[in-house]
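Here's the structure, in structure tokens; my notes come after.
Counting starts at 1 for both ligands and their atoms, in listed order.
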Amino acid sequence: MGYKAVYERSMADPEAFWMQAAEAIDWVKPPSKALFSDNSPYYEWFKDAEVNTCYNAVDRHVEAGHGERVAIIYDSAITGAKSNTTYRQLQEQVARLGGALQARGVNKGDRVLIYMPMVPEALVAMLACARIGAIHSVVFGGFAANELATRIDDATPKAIIAASCGVEPGRVVAYKPLLDGAIEMAAHKPEFCVILQREMGRAEMSDCDVDWSDFVADAPRADCVTVRGDDPLYILYTSGTTGQPKGVIRPNAGHLVALHWSMKNIYDIDPGEVFWAASDVGWVVGHSYICYAPLIQGSTTIVFEGKPVGTPDAGTFWRVIAEHKVKALFTAPTAFRAIKRVDPAGELLADYDLSCLKTLFLAGERTDPDTLHWAEDKLGVPVIDHWWQTETGWAIAANPMGVEHLEVKVGSPSVAMPGYDVQILDEGGHEVAPGELGAIVIKLPLPPGTLPTLWNADARYISSYLAAFEGFYETGDAGYVDEDGYLYIMARTDDVINVAGHRLSTGAMEEVLASHPDVAECAVIGVADALKGQAPLGLVCLNAGAGRQDAEVVRECVALVRGKIGPVAAFRLACVVDRLPKTRSGKILRGTMVSIADGKPWKMPATIDDPVILDEITVALKGLGLAS
Ligand code: COA
Ligand code: AMP
């Protein structure tokens, strides 16, 4: 069956389509039907099923005789550490950690916050929670204490599992002081913290901390706890318009079914093959495609700690692919831009045999044509852009390589995946003609695996996603479809920007800048950046009579955002302006400011740190009468 037939079947008879996909899952009690609409618009999939995600990701492979198959390959390009974990070893580690958590009173429905770098134990921690029915919430290591505190207060975890440190090129990032700072800031206090001590930066332990190795040493092995289909597996916070992140809920059953379906049909991976998602467990790509999907399917996943360049060189990705026989690599276009910049001729490729690699998948931000062509040319394999978001958990649009390799159109993540009725609407909610720009929406219900609502925030779920267009989920992206149904994602319609494939809120950065005592008002916009796709630019107006040097305030603003949101915000540039453009009613004209960047993505000659661009911005600001 080709793509068209598969897609049409999913739309014509979703019950039959998803119930058939559900046969790949080992249920404690199978679902009686797929979709439950009784609580709409909070749709639930496989709600009356009983299941355990960890059983499906680990135990069932051991029971099927694949215990010696490698589940996790760990490769730290920074420390040089490498290891393989078989499914049997993973089962033992996960069962022990689960048992230790249960022994300390963590049970079904309790939340556990995970703050870990890219080490296999991060996956063990996620799976241990899944095993005992606890709900994990992983926080990306590049976030600062303040962001961690917000998530602690929203998720109210009983326990936190963290590592003593992360390692970035050239520096050890001590996690423990950030964690301690966050707990101090938060109103909610976890009962205890489990700390994985890493040799390159051991943490000082306090009374409520327990060392991971002591914690699991004599722990009993936990059995898999049965949960209901709609019970949450995890909460993952993502950026919205304000500084308060949104807690996306991922229910167990729909996630199992959709992710399993995607591994063969989208990524063309079979059990036992090696799949590498070069992302981080702190992002949705890491949840779905470093941890859950490959393991649910019984393939081998790679936990990679490092960067595409500089650890030690721009051949690192090629080394990992060749050494571990990677069949498909999934990363963000930024990673390839970084490699291309350092090794434009792809000379380092000659050192490695990449015949194992069959496909490169890109997502997280728009794939620019230069990067697409460079990757196609150098790797000689199909390069597949696909589009999705934290909220959906798997691809909305893709080129389904396991179903049919469709034509690749430059600039498009291809076509809608099963269950996604993607439409382009104008402001009045009317569907626009092919080629016309509009808001990209998805007709409700969304397919399995997607969010049913936000953690503790049903009203915000409605106002953020469902209020603008009745009967539709608003993706927050704008774009168009062509005559062949190919989607083109052009821009966000909200205040979210995408920096190096990382989703960030300009609103959150504005809240931080506004807290500076000399800042009267401010705005943060995304401007084009040749490496990271977008970079944040802060525009600040100072209080009259502040009597401060502009450069001094700018330096403090940059430090403030780094300290409060974290280095991942990549906030390096701020300008002091005389005023911000406003409507008569005092609303800041964001569009006008974004036009400073002048819709020139991919045309900017260098990064935002480049003095030429700084000059360009200053000239543009002056042209708008915003700077003198
Ligand atoms: N813990 C602590 N700090 C972190 C971190 C972590 N887990 N991840 C990133 N940071 C820090 C970086 O060290 C950097 O700090 P600096 O300002 O002191 O240099 C800062 O956050 C910004 O990080 P980033 O934007 O990622 O820039 P980078 O220079 O470290 O790396 C790329 C640039 C392109 C190599 C990298 O972003 C990349 O590989 N991205 C694509 C893959 C990806 O992860 N995509 C996510 C979704 S698929
Ligand atoms: P996240 O929730 O962090 O995965 O970010 C999701 C957002 O990233 C989307 O809403 C888009 O704005 C952007 N995005 C993800 N994938 C793509 C893609 N293939 N092309 C263009 N934008 C993308």
Side-chain angles (χ1 to χ4, degrees), residues 78 115-118 122 139-144 163 165-175 178 236-240 246 248 277-290 304-311 314 316-317 330-339 341-342 361-368 384-398 411-414 440 451 474-479 487-494 496-504 526 529 531-536 558 562 565-572 607:
I78 304 188
Y115 188 54
M116 310 259 307
M118 287 297 290
V139 179
F140 177 62
F143 282 123
C165 67
V167 281
E168 285 293 291
R171 72 189 156 105
V172 171
V173 182
Y175 279 15
L178 294 170
L236 178 57
Y237 288 91
T238 190
S239 300
K246 300 189 271 201
V248 167
S279 178
D280 189 286
V281 283
W283 308 115
V284 70
V285 175
H287 280 63
S288 294
Y289 293 105
I290 296 174
F304 170 75
E305 186 175 49
K307 305 271 170 178
V309 292
T311 58
T316 301
F317 272 28
F330 175 171
T331 190
T334 302
F336 268 72
R337 283 197 295 271
I339 297 170
R341 180 189 259 200
V342 177
F361 292 91
L362 298 175
E365 56 179 320
R366 184 173 176 271
T367 298
D368 55 296
I384 305 301
D385 181 11
H386 61 322
W387 168 64
W388 49 297
Q389 4 179 255
T390 306
E391 289 83 346
T392 64
W394 64 288
I396 309 170
S412 170
S414 301
I440 311 181
L451 83 170
E474 190 185 9
T475 63
D477 286 313
L487 266 164
Y488 292 79
I489 316 299
M490 304 309 288
R492 288 288 303 189
T493 55
D494 55 11
V496 165
I497 57 171
N498 218 303
V499 180
H502 306 142
R503 176 167 159 183
L504 297 164
D529 180 280
L531 175 65
K532 298 191 179 186
Q534 278 187 301
V558 168
R562 191 180 171 95
I565 294 180
V568 68
F571 185 84
R572 299 207 173 87
T607 74

If the plane angle is over 60° it's perpendicular, under 30° parallel, otherwise tilted; pick one for [X] and [Y].
| X | Y | result |
| --- | --- | --- |
| W388 | H386 | tilted |
| F317 | F336 | perpendicular |
| Y289 | F330 | tilted |

For [atom], the protein heavy atom that lies nearest, with its residue and separation:
| atom | result |
| --- | --- |
| atom 8 (N) of ligand 1 | F140 CZ, 3.3 Å |
| atom 45 (N) of ligand 1 | A332 CB, 3.6 Å |
| atom 18 (C) of ligand 2 | E365 O, 3.3 Å |
| atom 1 (P) of ligand 2 | T390 OG1, 3.4 Å |
| atom 37 (O) of ligand 1 | A500 CB, 3.5 Å |
| atom 9 (C) of ligand 2 | D477 OD2, 3.3 Å |
| atom 16 (N) of ligand 2 | G364 N, 3.0 Å |
| atom 2 (C) of ligand 1 | G141 O, 3.5 Å |
| atom 38 (C) of ligand 1 | P308 CD, 4.3 Å |
| atom 20 (C) of ligand 1 | P567 O, 3.2 Å |
| atom 3 (O) of ligand 2 | R503 CB, 3.2 Å |
| atom 7 (C) of ligand 2 | N498 ND2, 4.0 Å |
| atom 6 (C) of ligand 2 | W388 O, 3.5 Å |

What atoms of ligand 1 come closer than 4.0 angstrom to any heavy atom of [X]?
| X | result |
| --- | --- |
| A278 | 42 (C) |
| V568 | 21 (O) |
| V285 | 48 (S) |
| G501 | 46 (C), 47 (C) |

So for H386 against ligand 2, with non-hydrogen atoms under 4.0 Å, the contacting part is backbone
W283 contact mode with ligand 2 (heavy-atom cut-off under 4.0 Å): neither
May I ask you to check whether [X] has an N/O atom sitting below 3.5 Å from an N/O atom of ligand 1?
| X | answer |
| --- | --- |
| K532 | yes |
| S279 | no |
| W283 | no |

Side chain or backbone, does T367 bring an N or O within less than 3.5 Å of an N or O on ligand 2? no
Would you say T475 and ligand 2 have an N/O pair spaced under 3.5 Å apart? no
Quick one: list whatever passes side-chain contact (heavy atoms from CB on, under 4.5 Å) with Y175, sequence neighbours left out. Y115, P117, V173
Shortest non-hydrogen contact from [X] to [Y]?
| X | Y | answer |
| --- | --- | --- |
| R492 | T475 | NH1-O, 3.5 Å |
| S239 | V496 | O-CG2, 3.9 Å |
| K532 | R337 | C-NH2, 3.4 Å |
| H502 | V568 | ND1-CG2, 3.5 Å |
| T238 | E391 | CG2-OE2, 3.9 Å |
| L487 | A397 | CD1-CB, 3.7 Å |

Could you tell me which atoms of ligand 2, counted from 1 in the order shown, lie closer than 4.0 angstrom to a heavy atom of R492? 9 (C), 10 (O), 12 (O)
Where ligand 2 meets I489 - atom numbers and elements under 4.0 angstrom, heavy-atom basis: 21 (C), 22 (N)
Verify, without hydrogens or angle tests, whether H287 (side chain) and G282 (backbone) share a donor-acceptor contact under 3.5 angstrom. no
May I ask you to test the [X]-[Y] pair for a side-chain heavy-atom distance under 4.5 Å?
| X | Y | answer |
| --- | --- | --- |
| T493 | E474 | yes |
| L504 | F571 | no |
| M118 | I290 | yes |
| P169 | I78 | yes |

Y175 touching ligand 1 at heavy-atom level, < 4.0 angstrom: yes
I want to confirm something. Looking only at heavy atoms, which of [options] is nearest to [atom]?
| atom | options | value |
| --- | --- | --- |
| atom 5 (C) of ligand 1 | E168, E305, R572, K307 | E168 |
| atom 34 (C) of ligand 1 | T334, T311, V499, V173 | T334 |
| atom 14 (C) of ligand 1 | R341, R562, R171, H502 | R171 |

So, taking the atom named CH2 in W387 and the one named OG1 in T392, what distance separates them when rounded to the nearest 0.5 Å? 8.0 Å
Quick one: which of L362, D385, T367 gives a side-chain contact (heavy atoms from CB on, under 4.5 Å) with P413? D385
